[in-house]
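Remember, predicted model here, so these are calculated numbers, not experimental data. In what follows, every heavy atom counts, from backbone to side chain, and hydrogens, waters and symmetry copies are set aside.
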Amino acid sequence: MNLLFFHLRQSLRRPDHWLYGSWLDIVTKYRKTYLGLSWVFVPIAVYIWGIGGFISALQPGVNTQDFLAHVAVGFVVFRFIMTVLSDATAVFSGFKPYIYDGSLRLTDLIFRMINRSFCYFLLALPVVAVAVFASQQFEWLGILGSMLGMAAVLVNLFFYSVLLSLLGARFPDLSEFMSSAMMASFLITPVVWYPDMAPAGTIQGAFMRANPFHHLLASVRAPLLGEPLEQLTIYYLVATTVLGLVAAPVAYQAFARRVPLWL
């Protein structure tokens, strides 16, 4: 059995470290604040009704409630993706004592990093639900499709987190590059604007459709809000999933044992 899938199976059978550790990371971060975990909701609310409301006001023909729902789902999903991929480049350097000790698998650390961001995502859902339920575009039947899209996002994030974590251990500068790349990706991902503003056949449309974050985001948001889902998105997700499924096990098999030396 490939080393990645062997470690993956062991991590899933013994989730005590990464489940408890990820939640402990969140709790300790807000332990000394007066509002505690309530601070999780503040930036989301500010972004949805502050930034989203401001941008909506600049577009007189846009339905405000529908646009706020569009921004709400887009922001939390993109933030989840951005946080996971950015943290993946430095995840091993942040857990050097665990790696040197040898008592944990690298997949435990990757799961801990992903689950920490996923907890933030789940905590944000009540705020997002307020904006989504107020939209006339919301479709109850789309919840299932949105959950399937999130499953595809999680699978892709795991495989590409494996690749980025290995690269980040070998090349520490990757963390700085990823931060800049994610900020640039935000501009060409329809988080605070509608995809139809970049139609196919235009340069803007080409950039948007070449952006993997657009397709990951669309797979979650489109079913929920009744927005059109291009067939290209389905092909794109299948291609990225297959690529990750092939590349991550090969890279992990070849380089996982070198991580302690690189650190």
Would you be so kind as to tabulate the donor-acceptor pairs closer than 3.5 Å made by side chains of residues 256-263, with sequence neighbours excluded?
none

ILVMFWY network linking [X] to [Y], side-chain heavy atoms under 4.5 angstrom:
{"X": "L4", "Y": "V242", "value": "no"}
{"X": "L157", "Y": "L12", "value": "yes"}
{"X": "M208", "Y": "M183", "value": "no"}
{"X": "L148", "Y": "V132", "value": "no"}
{"X": "V191", "Y": "I188", "value": "no"}

Exercise. Quick check: does any side chain N or O of T241 sit under 3.5 Å from a backbone N or O of L237, one acting as donor and the other as acceptor?
Worked result: yes
Does some side-chain heavy atom of [Y] sit less than 4.5 Å from a side-chain heavy atom of [X]?
{"X": "R13", "Y": "R9", "result": "yes"}
{"X": "D108", "Y": "F95", "result": "no"}
{"X": "H17", "Y": "L109", "result": "yes"}

Rounded to the nearest 0.5 Å, how far apart are [atom1] of [X] and [atom2] of [Y]?
{"X": "S175", "Y": "L164", "atom1": "OG", "atom2": "CG", "answer": "10.5 Å"}
{"X": "R105", "Y": "F111", "atom1": "CZ", "atom2": "CZ", "answer": "10.0 Å"}
{"X": "N156", "Y": "L245", "atom1": "CG", "atom2": "CG", "answer": "10.0 Å"}

Problem set entry | Contact list for residues 159-180, test ring-ring contact (aromatic ring centres under 6.0 Å, His included), sequence neighbours left out |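 Of all non-adjacent pairs touching residues 159-180, none passes ring-ring contact (aromatic ring centres under 6.0 Å, His included).
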Problem set entry | salt bridge (charged side-chain N to carboxylate O under 4.0 Å, His left out) pairs, two or more places apart, involving residues 159-177 | none
Seminar exercise, completed: Contacts satisfying salt bridge (charged side-chain N to carboxylate O under 4.0 Å, His left out) that involve residues 158-168 (not counting sequence neighbours) are none
List the atom pairs, with distances to 0.1 Å, where a side-chain N or O of residues 71-92 and a protein N or O form a donor-acceptor pair under 3.5 Å, not counting sequence neighbours.
{"unit_1": "T83", "atom_1": "OG1", "unit_2": "R79", "atom_2": "O", "d": "2.7"}
{"unit_1": "S86", "atom_1": "OG", "unit_2": "M82", "atom_2": "O", "d": "2.9"}
{"unit_1": "T89", "atom_1": "OG1", "unit_2": "S86", "atom_2": "O", "d": "2.7"}

Exercise. Of all residues at least two apart in sequence or in a different chain, which pass the ring-ring contact (aromatic ring centres under 6.0 Å, His included) check with F133?
Worked result: F138, W140
Problem set entry | Y236 ring center near H214 ring center (under 6.0 Å) | no
Return all side-chain donor-acceptor pairs below 3.5 angstrom for residues 114-131, not counting sequence neighbours, or 'none' if the list is empty.
{"unit_1": "N115", "atom_1": "ND2", "unit_2": "S22", "atom_2": "OG", "d": "2.6"}
{"unit_1": "R116", "atom_1": "NH1", "unit_2": "D25", "atom_2": "OD2", "d": "2.9"}

Seminar exercise, completed: Shortest non-hydrogen pair, W18 vs R112, comes out as CB-N, 3.5 Å
For this session: Taking all heavy atoms of P249 and all of N2, pick out the closest pair and write down the distance.
Result: O-ND2, 3.3 Å
Distance-only donor-acceptor hits, side chain of residues 217-235, under 3.5 Å, sequence neighbours excluded:
{"unit_1": "S219", "atom_1": "OG", "unit_2": "L216", "atom_2": "O", "d": "2.7"}
{"unit_1": "R221", "atom_1": "NH1", "unit_2": "H70", "atom_2": "O", "d": "3.1"}
{"unit_1": "R221", "atom_1": "NH1", "unit_2": "H70", "atom_2": "NE2", "d": "3.3"}
{"unit_1": "R221", "atom_1": "NH1", "unit_2": "P190", "atom_2": "O", "d": "3.1"}
{"unit_1": "R221", "atom_1": "NH2", "unit_2": "P190", "atom_2": "O", "d": "2.5"}
{"unit_1": "E227", "atom_1": "OE2", "unit_2": "H70", "atom_2": "ND1", "d": "2.8"}
{"unit_1": "E230", "atom_1": "OE1", "unit_2": "R209", "atom_2": "NE", "d": "3.3"}
{"unit_1": "E230", "atom_1": "OE2", "unit_2": "R209", "atom_2": "NE", "d": "3.3"}
{"unit_1": "E230", "atom_1": "OE2", "unit_2": "R209", "atom_2": "NH2", "d": "2.8"}
{"unit_1": "Q231", "atom_1": "NE2", "unit_2": "Y235", "atom_2": "OH", "d": "3.0"}
{"unit_1": "T233", "atom_1": "OG1", "unit_2": "H215", "atom_2": "ND1", "d": "3.0"}

Exercise. Does anything in residues 125-139 pair up under side chain to side chain donor-acceptor pair (under 3.5 Å), and if so which pairs, sequence neighbours excluded?
Worked result: D66-S135
Exercise. Could you give all pairs that pass the side chain to side chain donor-acceptor pair (under 3.5 Å) test and reach residues 179-198, with sequence neighbours left out?
Worked result: T189-N211
Exercise. Mind checking who shares a hydrophobic cluster with L24, ILVMFWY linked at side-chain heavy-atom distances under 4.5 Å?
Worked result: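 Members other than L24 - counting any ILVMFWY side chain reachable under 4.5 Å - are Y20.
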Between side-chain atoms of residues 44-57 and protein atoms elsewhere (two or more places apart, or another chain), which donor-acceptor pairs fall under 3.5 Å?
{"unit_1": "S56", "atom_1": "OG", "unit_2": "T64", "atom_2": "OG1", "d": "3.3"}

Exercise. Should the heavy atoms of other residues, nucleotides or ligands under 6.0 Å from CD1 of I203 be counted, would the total exceed 12?
Worked result: no
